[in-house]
Amino acid sequence: ENAGSASILVTLSGTYANVVTVDYTTSDGTATAGLDYAASNGTITFLPGQTTATFSVPILNDSFIEGSKTVNLTLSQITGGAQFGGPTNAVLTINDNDSLSLDSPSEVNENDGIVTVNVRRTGEVSTASYFTSDGSARAGVDYLPQANTVTFAAGETNKTFTIAILNNGRVDGDRAFTVNLFDGSNFFSQVPITIRDNDFLSLDFPSKVYESDGAVTVHVRWSGDRPTPLSVAYYTSDGGARAGQDYLPQAGSFTFAAGETNKTFTFTIPLLDNSRGDGDRAFTVNLIDSSGFFSQVPIEPSATLSPMVG
């Protein structure tokens with residue numbers, strides 16, 4: 001596209017003792033005359049004995065990202081006793097020299113603070129606009145939204161901007177948002193970025209206990225980085241095991257202080273030895289925190305985390 005012009009070679013088979021002429025013309029393919037190239041037409045003259053000649057098609061260098069485009073070339077009206085012995089039509093392809101691309105990490109940790117995004121260009125593109133959009137990550141909760149325009153100076157090929165990542169102290173799993181890039185015409189590109197959650201609540205207890213054990217000890221573990229206190233409630237619920245018959249129901253709560261990054265709370269659930277041959281039974285320990293996180297241990301007897309009373 002930035003070549004300035006394309007030189008087209010026309011070949012005359014054989015030699016002639018007289019002058020031979022042929023007309024040429026251009027027409028739009030996917031390229032548009034006046035925008036991508038300058039329309040051309042004229043007559044080529046082969047002098048006696050001459051077998052090759054050229055004509056030129058001016059190419060217009062724009063700053064739009066539009067991909068390759070084509071120009072149709074046609075020969076007609078041959079004179080001097082010569083005849084067309086091959087194709088009289090050809091296609092000239094104009095390769096676009098303009099491009100934009102986004103370069104960013106595909107994922108970032110929630111406590112990294114920011115993610116840096118690079119905008120790269122080739123060719124004559126002078127400006128590019130970008131904006132963020134929600135996926136499972138939410139603007140204002142997981143990251144700060146961005147929308148702006150970068151301007152490239154002559155010779156510049158790279159611009160950067162940053163997006164603030166919010167460490168929300170919530171157990172909400174990995175979430176993703178999208179960075180969108182466009183040039184104001186017809187180019188559009190998207191790159192997703194995943195925020196890796198650094199906050200975890202987990203339950204830890206034996207996968208199987210016996211009636212005669214008397215109690216099962218449950219550990220609730222917190223790992224994360226929360227600027228405010230986190231309240232966690234727990235309670236038991238029946239599966240095949242029945243409260244008051246197989247175990248004593250429990251419910252309570254505890255609080256992880258602001259700034260605590262690793263801590264464990266422990267509580268116990270008394271088991272009742274009912275002296276009946278009633279097989280293995282399961283109950284469930286439920287956990288919910290003040291940010292909306294909810295965890296429920298499966299009630300199926302085969303579940304590795306379900307307390308089994310046998």
Side-chain angles (χ1 to χ4, degrees), residues 1-103 118-130 149-159 179-191:
E1 186 180 63
N2 60 349
S5 65
S7 181
I8 311 301
L9 177 68
V10 180
T11 300
L12 179 65
S13 298
T15 56
Y16 290 81
N18 54 287
V19 171
V20 174
T21 65
V22 64
D23 294 341
Y24 68 89
T25 186
T26 59
S27 61
D28 290 355
T30 54
T32 302
L35 296 178
D36 303 303
Y37 73 101
S40 302
N41 61 80
T43 300
I44 300 170
T45 299
F46 293 90
L47 298 176
Q50 183 181 352
T51 58
T52 60
T54 61
F55 67 92
S56 182
V57 179
I59 306 299
L60 306 180
N61 189 12
D62 60 32
S63 61
F64 301 116
I65 302 172
E66 51 197 355
S68 298
K69 297 202 172 180
T70 59
V71 181
N72 298 319
L73 309 174
T74 304
L75 297 177
S76 63
Q77 302 297 324
I78 193 168
T79 67
Q83 295 181 341
F84 291 119
T88 59
N89 297 290
V91 175
L92 169 66
T93 299
I94 304 172
N95 294 318
D96 195 6
N97 68 327
D98 302 305
S99 69
L100 282 172
S101 63
L102 284 169
D103 179 19
N118 296 302
V119 183
R120 305 187 188 279
R121 72 128 181 199
T122 61
E124 307 300 322
V125 181
S126 59
T127 62
S129 297
Y130 62 88
T149 299
V150 294
T151 300
F152 294 93
E156 270 191 320
T157 58
N158 187 69
K159 286 285 191 180
V179 180
N180 308 273
L181 184 71
F182 65 102
D183 71 343
S185 57
N186 56 3
F187 173 80
F188 187 78
S189 179
Q190 292 181 314
V191 172

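- Remark: side-chain polar atoms of Thr70 are not paired, donor with acceptor, to backbone N or O of Gly29 under 3.5 angstrom.
- Contact between Gly80 and Asn18 at its shortest, heavy atoms only, is O-ND2, 2.8 Å.
- Between Gly123 and Arg121, the shortest heavy-atom distance links the atoms O-NH1, 3.7 Å.
- Taken from CG in Asn95 to CD1 in Ile59, the straight-line distance is 10.0 Å, to the nearest 0.5 Å.
- The shortest distance between side-chain heavy atoms of Leu100 and Leu181 falls below 4.5 Å.
- Of all heavy-atom pairs between Ser40 and Ser56, the closest is OG-O, 3.7 Å.
- With Thr79 as the partner, the side-chain hydrogen bond (donor to acceptor under 3.5 Å, both in side chains) test is satisfied by one option alone out of Thr45, Thr43, Thr21, Asp23: Thr21.
- There is no side-chain donor-acceptor pair under 3.5 Å between Ser63 and Ser126.
- Taking every heavy atom of both residues into account, Ala38 and Val57 meet most closely at O-CG1, 4.1 Å.
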Derivation and outcome, side chain to side chain contact (heavy atoms under 4.5 Å, CB included), residues Ile78 and Val20: CA-CA 7 Å; Ile78 193 168; Val20 174; 4.1 Å; yes
What do the steps show when you test Phe152 against Val119 for side chain to side chain contact (heavy atoms under 4.5 Å, CB included), and what is the final call? CA-CA 10 Å; Phe152 294 93; Val119 183; 3.9 Å; yes
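- Contact check for Thr74 versus Tyr24: no side-chain heavy atoms found under the 4.5 Å cut-off.
- Between Phe46 and Val19, the closest side-chain pair of non-hydrogen atoms is not below 4.5 Å.
- Using a 4.5 Å heavy-atom cutoff, the side chains of Val22 and Ser76 are not in contact.
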Between Asp96 and Lys69, is the salt bridge (Lys or Arg N to Asp or Glu O under 4.0 Å) condition met? List the steps. CA-CA 8 Å; Asp96 195 6; Lys69 297 202 172 180; over 6 Å; no
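- Across all non-hydrogen atoms, the minimal contact from Asn61 to Glu1 is OD1-OE1, 3.1 Å.
- A heavy-atom distance below 4.5 Å is found between the side chains of Val125 and Ile65.
- Rounding to the nearest 0.5 Å places CG of Asp28 at 8.0 Å from CG of Asp36.
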For Leu75 and Val10, run side chain to side chain contact (heavy atoms under 4.5 Å, CB included): C-alpha distance rounded to whole Å, both residues' side-chain angles, the deciding distance at 0.1 Å, then the answer. CA-CA 9 Å; Leu75 297 177; Val10 180; 4.0 Å; yes
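- Counting all heavy atoms, side chain and backbone alike, Gln50 lies closest to Leu12 at O-CD2, 3.7 Å.
- Other residues, nucleotides and ligands contribute at most 12 non-hydrogen atoms within 6.0 Å of the CZ atom of Phe64.
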Check step by step if side chain to side chain contact (heavy atoms under 4.5 Å, CB included) holds for Tyr130 and Val150. CA-CA 8 Å; Tyr130 62 88; Val150 294; 3.8 Å; yes
